[in-house]
Amino acid sequence: MVRKFAEKKLVLATHNKGKLAEFRDMMNLPGVELVGAGDLNIPEPVEDGTTFFENCMIKAKAVSAASGLPCMADDSGLCVAALDGAPGVYSADWAGTPRDFKVAMQRVQDEVGAATDRSAAFVSTLILCWPDGQYETAEGHIEGTLVWPPRGTQGFGYDPMFLPEGERKTFGEMTLEEKKSFSHRARAWAALKAKAFSD
């Protein structure tokens with residue numbers, strides 16, 4: 001039996017203000033207050049999983065338990081064909097500490113090198129978790145190609161080097177409005193919304 005979200009406040013397991021802004025715009029849940037874990041001063045848990053699902057669950061359970069509220073966590077990453085799916089679940093790690101995605105994008109470019117296959121995909125796993133441990137999950141992905149040099153200053157992460165299939169703009173050149181209709185997170189959210197947020 002799928003559990004339906006019926007509360008008035010939801011925590012997003014992120015300290016990334018760009019991601020929080022994107023989710024607020026994309027989710028559009030009237031009457032529901034969406035706050036970030038960073039806004040509640042909840043520390044980021046150690047993400048030592050080896051899959052998107054495992055890391056997503058670590059964040060969802062930790063933040064839901066710490067806040068006493070339902071939590072939605074996203075774990076997403078860039079999976080590059082020529083790198084056997086890397087950086088994948090380690091996408092954020094490639095940006096170092098503090099996070100610098102210019103460094104991460106340069107590393108992707110350097111490691112892909114002269115490979116003719118520049119195909120890649122963005123993957124997003126979403127988990128909605130309640131304090132009692134019950135959860136619902138969904139996944140979304142989008143195929144595309146790596147471009148170099150990066151283009152655009154919108155979005156965050158690897159967005160400026162990812163050109164979605166059939167598009168002329170990278171995610172870094174798209175507005176939130178353009179991106180939210182078909183991004184990997186948008187697709188994961190559509191699936192989760194249909195499952196746990198609709199009547």
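Scope of the values below: all heavy atoms of this structure, side chains included, with no hydrogens, waters or symmetry mates.
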Within the side chain of [X], is there an N or O that forms a donor-acceptor pair under 3.5 Å with the backbone of [Y]?
{"X": "Glu111", "Y": "Val108", "result": "no"}
{"X": "Arg118", "Y": "Thr145", "result": "no"}
{"X": "Glu54", "Y": "Thr50", "result": "yes"}
{"X": "Lys59", "Y": "Asp74", "result": "yes"}
{"X": "Asp75", "Y": "Phe53", "result": "no"}
{"X": "Arg151", "Y": "Glu173", "result": "no"}
{"X": "Ser64", "Y": "Leu69", "result": "yes"}
{"X": "Glu178", "Y": "Thr175", "result": "yes"}

Please list, chain by chain and in numerical order, all residues satisfying salt bridge (Lys or Arg N to Asp or Glu O under 4.0 Å) with Glu7, sequence neighbours excluded.
-> none
Which pair of heavy atoms, one from [X] and one from [Y], lies closest together, and at what distance?
{"X": "Ile58", "Y": "Val46", "answer": "CG2-O, 3.5 Å"}
{"X": "Trp94", "Y": "Ala86", "answer": "CZ2-CB, 4.1 Å"}
{"X": "Ala13", "Y": "Cys71", "answer": "CB-SG, 3.7 Å"}
{"X": "Gly77", "Y": "Ser91", "answer": "CA-OG, 3.3 Å"}
{"X": "Ala121", "Y": "Glu143", "answer": "CB-OE1, 3.7 Å"}
{"X": "Cys79", "Y": "Gly88", "answer": "SG-CA, 4.0 Å"}

Could you measure the distance from the [atom1] atom of [X] to the [atom2] atom of [Y]? Nearest 0.5 Å is fine.
{"X": "Ser67", "Y": "Ile42", "atom1": "OG", "atom2": "CD1", "result": "4.5 Å"}
{"X": "Thr137", "Y": "Met72", "atom1": "OG1", "atom2": "CE", "result": "11.0 Å"}
{"X": "Leu40", "Y": "Leu12", "atom1": "CG", "atom2": "CG", "result": "11.0 Å"}
{"X": "Asn16", "Y": "Arg99", "atom1": "CG", "atom2": "CZ", "result": "9.5 Å"}
{"X": "Arg3", "Y": "Trp130", "atom1": "CZ", "atom2": "CH2", "result": "5.0 Å"}
{"X": "Leu126", "Y": "Leu192", "atom1": "CG", "atom2": "CG", "result": "6.0 Å"}

Strictly by modelled atom types, are Arg185 and Ser76 linked by a side-chain donor-acceptor pair under 3.5 Å?
-> yes
Parallel, tilted or perpendicular: rings of Phe122 and Phe171 (30°, 60°) = parallel
Does [X], at its [atom1] atom, have more than 12 non-hydrogen atoms belonging to other residues, nucleotides or ligands within less than 6.0 Å?
{"X": "His141", "atom1": "NE2", "result": "no"}
{"X": "Lys19", "atom1": "NZ", "result": "yes"}
{"X": "Asp84", "atom1": "CG", "result": "no"}

Using the rule that two of Ile, Leu, Val, Met, Phe, Trp, Tyr join whenever any of their side-chain heavy atoms come within less than 4.5 Å, decide whether [X] and [Y] are in one cluster.
{"X": "Trp148", "Y": "Leu163", "answer": "no"}
{"X": "Leu83", "Y": "Tyr90", "answer": "yes"}
{"X": "Phe52", "Y": "Phe162", "answer": "yes"}
{"X": "Met105", "Y": "Val89", "answer": "yes"}
{"X": "Phe197", "Y": "Tyr135", "answer": "no"}

Residue pair [X] / [Y], side-chain heavy-atom distance below 4.5 Å:
{"X": "Leu10", "Y": "Glu33", "result": "no"}
{"X": "Glu136", "Y": "Ile127", "result": "no"}
{"X": "Glu22", "Y": "Phe156", "result": "yes"}
{"X": "Lys9", "Y": "Val32", "result": "no"}
{"X": "Ile142", "Y": "Ser183", "result": "no"}
{"X": "Thr14", "Y": "Phe23", "result": "no"}
{"X": "Arg24", "Y": "Leu20", "result": "yes"}

Given Val11, which of Val63, Asp39, Leu34 fulfils the side-chain contact (heavy atoms from CB on, under 4.5 Å) condition?
-> Val63
Is Lys179 salt-bridged to Asp159, cutoff N-O under 4.0 Å?
-> yes
Please assess Phe101 against Tyr158 for the test ring pair (Phe, Tyr, Trp, His ring centres under 6.0 Å), listing each intermediate value before the final yes or no.
-> CA-CA 7 Å; Phe101 279 94; Tyr158 298 88; 5.3 Å; yes
